[in-house]
Protein chains: 2
Amino acid sequence: MTFQKRAYKILELLEKFGEVEIRQLAAEINVSEVTVRRDLTAMAANGLLYRTHGGAMKISEVIKPVSFVNKAGVNIKAKDAICKRAAADIIDGDVIFIDCGSTAFRLCQFIKNKKIKVITNSLPVVNELLDSAVTINLIGGEVDATRQAVHGTTAYEHIARYRASKAFLGVDGITVEGLYAGSEHEASNTLAMALQSDCVYILCDARKVGKTSYLKFNDLSLVNILVTDYNNPDVTEFETKGISVLSVTV
Amino acid sequence: MTFQKRAYKILELLEKFGEVEIRQLAAEINVSEVTVRRDLTAMAANGLLYRTHGGAMKISEVIKPVSFVNKAGVNIKAKDAICKRAAADIIDGDVIFIDCGSTAFRLCQFIKNKKIKVITNSLPVVNELLDSAVTINLIGGEVDATRQAVHGTTAYEHIARYRASKAFLGVDGITVEGLYAGSEHEASNTLAMALQSDCVYILCDARKVGKTSYLKFNDLSLVNILVTDYNNPDVTEFETKGISVLSVTV
DNA sequence: TTTAATTCGATCAAAAATAATCATAAAAAA
DNA sequence: TTTTTTATGATTATTTTTGATCGAATTAAA
């Protein structure tokens with residue numbers, strides 16, 4: 001019985017009971033207590049479990065895992081429907097930008113098993129995709145705590161170094177006149193990502209279509225595809241401006 | 001029977017059983033154990049299987065290496081004592097590097113109320129300092145999921161753009177001969193941060209002092225201050241090399 | 001607090017597995 | 001063909017793994 005196999009067994013028992021005693025393990029695996037003790041020490045050093053006097057505990061019950069949480073829970077159904085449709089366009093081998101909005105965040109759940117590269121400035125996105133098939137490239141720069149995202153000059157320069165096949169971006173408002181953002185930061189970031197992408201998707205639920213906001217940062221020429229649940233004849237206005245509209249129903 | 005044929009057979013058996021013993025393989029393929037051993041070594045080097053003592057395992061069966069959160073569970077008392085001492089040296093206005101090791105992570109709790117800038121490649125550090133007085137600059141680049149940190153060429157270039165007054169770094173081992181790391185990534189990162197800092201602190205609990213590891217990546221000239229709980233006359237050896245040793249008791 | 005019982009870490013020894021060395025056989029190159 | 005290189009197996013030295021033992025440290029009980 002090799003160390004690797006014992007480690008497996010130990011983790012299995014740990015998962016089952018939450019905690020285990022050395023005597024119990026020694027009997028179960030059929031090795032001496034000294035060996036079990038050595039195994040536990042090694043595994044604790046590798047962070048696979050938490051060592052206690054006389055045994056071990058599951059790590060999750062001792063230390064809280066790292067987690068960035070995306071709080072924005074508004075209009076989730078619509079956002080999920082939009083993102084599901086958008087995800088259908090993502091194929092293996094794609095390199096995509098995902099911005100730090102609450103809409104684009106919902107995209108994560110649909111792309112976990114795709115073999116793609118994701119470039120993002122959003123900490124919740126990184127956290128969500130950490131244990132997935134996706135390769136993550138995180139934009140560097142100053143961290144904005146309220147948005148849980150990276151912004152600033154360094155960040156935009158970082159974005160400019162990469163080239164993606166698709167960008168999935170949210171906006172604060174979109175009309176035939178152009179794109180609106182809620183802050184300079186958001187605008188700069190959206191713009192930087194869009195400029196480095198072959199195909200720009202705007203993910204935008206119905207509330208924001210036809211609405212303006214604080215800052216108009218670009219006209220519609222930046223956009224290739226608009227994914228929305230806004231089912232209204234007006235969408236033809238966008239199409240005449242050269243934008244493909246993907247309508248979804250909630 | 002050529003190597004290629006044997007390799008195929010070995011992978012086949014591995015797929016079937018998940019693990020194999022050398023004796024078993026030698027009998028099955030009808031070659032000596034020495035040859036099997038050589039085959040396994042070669043195949044392991046190419047990442048086709050995981051070598052164990054006495055045999056081999058399927059890669060997927062092997063327990064994932066160091067997950068970062070967990071490693072924080074080892075020797076916490078010593079690490080906290082070390083970090084508390086180190087934090088006493090940090091003053092308002094400082095710009096500091098914090099690396100992605102489990103020791104340096106413990107520093108966060110002591111600096112939350114300081115008016116400083118922290119530059120880091122560690123996601124847990126970012127998470128821990130998100131709601132604090134600290135301004136965070138996150139290194140950008142490829143995300144290493146197991147370490148929950150950012151690494152790669154882009155990351156090291158990002159580091160080179162900044163200049164800090166102090167760097168707080170962990171190592172896998174330190175002797176009078178030099179500094180040791182557990183991987184190329186860790187070494188590159190530590191080195192990059194150290195080179196951009198006016199004063200380099202090595203945070204190192206007693207277990208790692210006097211110990212060597214996988215990779216020696218630099219001599220001691222890189223280091224200015226060693227903070228450790230290693231209370232032994234031998235520390236004078238480091239001091240003769242020009243390093244200030246800050247000893248703490250647990 | 002003191003005492004007794006565990007548990008731990010260090011050291012040692014035996015067994016197994018590995019790495020290193022060498023000689024031979026097979027294959028490739030000259 | 002001869003020479004050189006490569007692959008294999010045998011042999012020996014080294015390393016790793018495991019279990020036993022004992023003093024020190026830790027926990028639980030009195």
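Reminder, nothing fancy here: chain letters follow the sequence lines and each chain counts from 1.
When the nucleotides C/dT7, C/dG9, D/dT8 are ranked by their closest atom to the side chain of B/Thr35, D/dT8 comes out on top. Between D/dG9, D/dG19, C/dA19, one nucleotide has an atom nearer to the side chain of B/Ser32 than all others, and that is D/dG9. Of the candidate nucleotides C/dA19, C/dA16, C/dT7, C/dT7 has the atom nearest to the side chain of A/Arg23.
Atom NE2 of A/His53 and atom P of C/dT7 are 7 Å apart (whole Å). Atom CG of A/Asn30 is separated from atom C1' of D/dT18 by 14 Å (rounded to the nearest Å). Atoms CZ (A/Arg37) and P (C/dT7) sit 8 Å apart, rounded to a whole Å. One interatomic measurement links the two molecules: CD1 of B/Ile22 to C1' of D/dT16, which rounds to 13 Å at whole-angstrom precision. Counting to the nearest Å, the P atom of D/dA10 and the CD atom of B/Glu33 are 10 Å from each other. For B/Arg51 and C/dA17, the CZ to P distance is 11 Å, given to the nearest whole Å. Residue A/Glu21 contributes atom CD, which lies 11 Å from atom P of D/dA28 at whole-angstrom precision. Rounded to an integer number of Å, the gap from CE of A/Met1 to P of D/dT18 is 10 Å.
Neither OP1 nor OP2 of D/dA7 sits under 4.0 Å from any side-chain N or O of B/Arg6.
Ionic pairing of B/Glu15 and B/Lys58 is present here: one or more N-O contacts between side-chain nitrogen and carboxylate oxygen are shorter than 4.0 angstrom. For A/Glu157 and B/Arg161, the salt-bridge test passes: some basic side-chain N is under 4.0 Å from an acidic carboxylate O. By the 4.0 Å N-to-carboxylate-O rule, A/Asp198 lies close enough to A/Arg163 to be salt-bridged with it.
Smallest separation of non-hydrogen atoms from B/Ala87 and B/Lys114: O-NZ, 3.3 Å.
With DNA chain C read from its 5' end, the first of the two nearest nucleotides for A/Arg38 and B/Val34 is the one closest to A/Arg38.
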